[in-house]
Amino acid sequence: MSFRRTHYCGELRAKHVDEAVVVCGWVHRRRDHGGVIFVDLRDRTGLVQVVFNPEVTDARAFAEAERLRSEFVIKVEGRVRRRLPGMENPNLATGEVEIYADSLEVLNTAKTPPFAIDSYAAVDEALRLKYRYLDLRRFEMQETLALRHRVAKLVRDFLDSQGFWEIETPMLTKSTPEGARDFLVPSRVQPGEFYALPQSPQLFKQLLMMAGIDRYFQIVRCFRDEDLRADRQPEFTQLDIEMAFVDRDDVMALNEALVAFLFKEILGIELQLPLRRLPYQEAMDRYGSDKPDTRFGLELKDVSQVVKDTGFRVFSETVKSGGVVKGINVEGAGEKFSRREIDELGELASSYGAKGLAWMIVTQEGGKGGIAKFFSADELSRLFDTMAAKPGDLLVFVADKYEVCSDVLGRLRLYLGDKLGLIDHNRWDLLWIIDWPLFEYNETEGRWEAAHHPFTAPLPEDLELLETDPPRARAQAYDLVLNGTEVGGGSIRIHRRDVQEKMFAALGFSKEEAERRFGFFLEAFDYGTPPHGGIAYGFDRLVMLMAGKNSLRDVIAFPKTASAQDLMTGAPAPAMDSQLRELHIRLTAEAERRVQSLTLDGRK
RNA sequence: GGAACCGUGGUGUAGUCGGUUAACACACCGGCCUGUCAAGCCGGAGAGCGCGGGUUCAAGUCCCGUCGGUUCCGCCA
């Protein structure tokens, strides 16, 4: 059967007047005036008004039109007419014209959908996800999917023009050491053994460099079995890039050009290049974050030196025992905030891990409230100096280890920036965070770990530190931060076996363990590995920010809920006993009981 | 693993300090209607309040548990 569609609904304009057209789509809305019937016909390009007029339309088609309902799928043959003067609809791209229908074919009827496709009212997200194919019919969702497609297309165009090859890497692979929990896939053929789904193609892209591919990229699905957030899904997409014979500046320059290209093409924005580079340590000092939102102030100030001898013991003792006292000047909030709001800040600080939040309000006479009474006039004036405080300001302080102070105040800063409306949402704030530490301390495990991953090269001048003082070693790593969200991160990689072995040693891997986990990779170093480096973007996150969305679910066609379920397909679901047997898997008694109850309730 | 918020016709909401018939808008069904475009007018049907238990003379309203959604902490780069 041929549909002979001549145009998409949303593309009809005045220039098409008098043309005979065939359009197909869904009935978006229907206005039945008894005599004349208007149908807004929808496809992915937009709406066009179709007119069924008994004086023009043949009687059979008109009778059919009377039975049309929302979401019926129809084909209309007709003629494009200019709308009568005064009848144009400026809200519609096709509003200058309409189609006079000659014939109508109902290709499919439709039940009334569980929520309105044409409404902009918020719909319960669970319902949207259950009927995702209906949700995706909404213009807003289609626009986002189109944007995502265009970003992907432009990425491919740009990287192709720069000599990159798109190469696929395995989904069924071996666990890579990226800290997150792996999704495992049982092997039927090798009883008791498992594949891991990739957390990223890290090792493969380095092996491609070893293979002489020189420039590789991939838009690739990655998997991490950790709890979800608005900006975290268990399966997500990375834009993965790797290049050989490059240094840090080469990689950063290429990526700046890429991002500038995307911003210009998608958003019409000219980025100022090169992008700002902020050393990690400075970001932590000033913003308490390794992905600072620098669209607003409220910077952190270190007052340790000012308060180290004060009578307020919480402060002086902290400094004496090697901690720091840092604060934020919440400008104007001394007058604006109620006591209740200040207490809320304290509760927030506690929930972020602070022992407490010290505060005071700056007045003409000095300070009042909170901890003001513990300080002499002289101490207050030096404190206000450091904090750049003026009457009416609210000062908040955390006294603790450096890491705790930074983290707590960094989070409070974000909360306050939002609460006080200091964030300019029209600004695109892009910057690099560079000079990362190579290692970071894992409190729970009680050991040093790779801050980025164990293949990150140290700064050349810090190579020595790998053996003498690892915690001080800095990495040739760089993160790209957009409006306070990490959108990409990468590094120059280690390309010499001796350095890689030192790295493993610094991480406390025994020779045997390194051999067992990465033997194949270490061996590859012996066969001529070029210097190389790259980056990986959170593709969904990038699209989310460019689309102005707050949730990853809005830029993924079929996302999972916060409890990692797919409400449409019902995944995950119990497996059949026969499947489990083939895979050599037996459920625990607890899992067995749970599956039983799911089945009995009819939930699965 | 923890916390908070939410769950009332198909959808979005209201429902006060527990009180007798659960309200409104949209959608839906029928009728009228030849220029609307979130069409209009008239009429109608549709929920016992996520589920289970408890307190009470009486429970959308209070309590406990549970399921689901969302957000945050932990986790995750």
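On a predicted model such as this, the values are computed, not experimentally measured, just so you know. Here is the naming used below: chain letters follow the sequence lines, and residue numbers restart at 1 for every chain.
Remark: the separation of the P atoms in B:G50 and B:G31 is 36 Å, to the nearest Å. Comparing the P positions of B:C67 and B:G10 gives an interatomic distance of 25 Å, to the nearest angstrom. Comparing B:G30 with B:G18, their P atoms are spaced 44 Å from each other, to the whole Å. Comparing the P positions of B:C32 and B:G48 gives a spacing of 33 Å, expressed to the nearest Å. With both ends at atom C1', the span from B:C49 to B:U13 equals 13 Å, rounded to whole Å. The P atoms of B:A3 and B:A45 are separated by 47 Å, rounded to the nearest whole Å. Nucleotides B:G46 and B:C29 place their C1' atoms 10 Å apart, quoted to the nearest Å. Spacing between B:G15 and B:A4 at atom P, rounded to whole Å, works out to 22 Å.
Base pairing annotation: B:A23 forms a Watson-Crick or G-U wobble pair with B:U13, both donor-acceptor distances under 3.5 Å. Nucleotide B:G7 has B:C67 as its partner under the Watson-Crick or G-U criteria, with both atom distances under 3.5 Å. When both pairing distances are held under 3.5 Å, B:G44 makes a Watson-Crick or G-U pair with B:C28.
Surrounding NZ of A:Lys291 are at most 12 heavy atoms belonging to other residues, nucleotides or ligands under 6.0 Å away.
Nucleotide B:G48 carries a syn base; the chi torsion (O4'-C1'-N9-C4 or O4'-C1'-N1-C2) is within 90° of 0. In B:G50 the O4'-C1'-N dihedral to the base is more than 90° from 0, which defines an anti nucleotide.
A close approach under 4.0 Å does not occur between any side-chain nitrogen or oxygen of A:Arg29 and OP1 or OP2 of B:A27. Remark: A:Gln49 is not in phosphate contact with B:U36, judged by side-chain N or O atoms under 4.0 Å from OP1 or OP2. Between A:Thr561 and B:G69, a side-chain N or O to OP1/OP2 separation shorter than 4.0 Å is present. Between B:G69 and A:Ser563, a contact under 4.0 Å exists linking OP1 or OP2 to a side-chain N or O. Between A:Arg181 and B:C76 there is no side-chain N or O to OP1 or OP2 distance below 4.0 Å.
For the residue pair A:Asn483 and A:Thr485, no side-chain donor N or O sits within less than 3.5 Å of a side-chain acceptor on the partner. A donor atom on one side chain and an acceptor atom on the other are found under 3.5 Å apart for A:Asn255 and A:Tyr537.
Note on A:Ala562: only backbone sugar-phosphate atoms sit closer than 4.0 angstrom, heavy atoms only; bases stay farther off. Counting any heavy atom pair closer than 4.0 Å across all strands shown, A:Arg69 reaches sugar-phosphate atoms only and no base atom. Using a 4.0 Å heavy-atom cutoff across all strands shown, A:Glu71 reaches no nucleic acid atom at all. Heavy atoms of A:Arg128 sit nowhere under 4.0 angstrom from any nucleic acid atom.
Each of A:Gln565 and A:Glu486 was assigned the nucleotide of RNA chain B with the nearest heavy atom; the assignment lying further toward the 5' end belongs to A:Gln565. Along RNA chain B, the nucleotide nearest to A:Val51 and the one nearest to A:Arg553 differ in position, and the one closer to the 5' end is contacted by A:Val51.
When distances run from any side-chain atom of A:Ser70 to the nucleotides B:C28, B:G12, B:A38, the shortest one goes to B:C28. Side-chain proximity of A:Asn53 to the nucleotides B:U34, B:U36, B:C75 is greatest for B:U34. Here the side chain of A:Val36 is nearest to one of B:U34, B:G69, B:C37, namely B:U34. In this structure, the nucleotide among B:G12, B:U36, B:A38 sitting nearest to the side chain of A:Arg83 is B:U36. Listed candidates were B:U34, B:C33, B:A38. Nearest to the side chain of A:Glu55 is B:U34. Of the listed nucleotides (B:A38, B:G68, B:C37), B:C37 has the atom at the smallest distance from the side chain of A:Met87.
Stacking here means ring centres nearer than 5.5 Å and ring planes tilted less than 30 degrees, and by that measure A:His33 does not stack onto B:G35. Ring-to-base geometry places A:Phe38 in a stacked arrangement with B:U36 (centre distance under 5.5 Å, plane angle under 30°).
A:Arg413 forms a cation-pi arrangement with A:Phe296, by the criterion of a distance under 6.0 Å to the ring centre and an angle within 45° of the ring axis.
As a whole-Å value, the separation of A:Arg31 CZ from B:A39 C1' is 7 Å. Look at OH on A:Tyr415: it is 14 Å from C1' on B:U71, rounded to the nearest Å. Between the C1' atom of B:G12 and the CD atom of A:Glu125 lies a distance of 16 Å, rounded to the nearest Å.
Side chain A:Glu226 to base B:G74: no donor-acceptor pair is found below 3.5 Å. In this model, a side-chain donor or acceptor of A:Arg232 finds a partner on the base of B:C75 within 3.5 Å.
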After noting the C-alpha distance and the side-chain angles of A:Tyr195 and A:Asp182, does the key distance pass the side-chain hydrogen bond (donor to acceptor under 3.5 Å, both in side chains) rule? CA-CA 9 Å; A:Tyr195 302 95; A:Asp182 284 314; over 6 Å; no
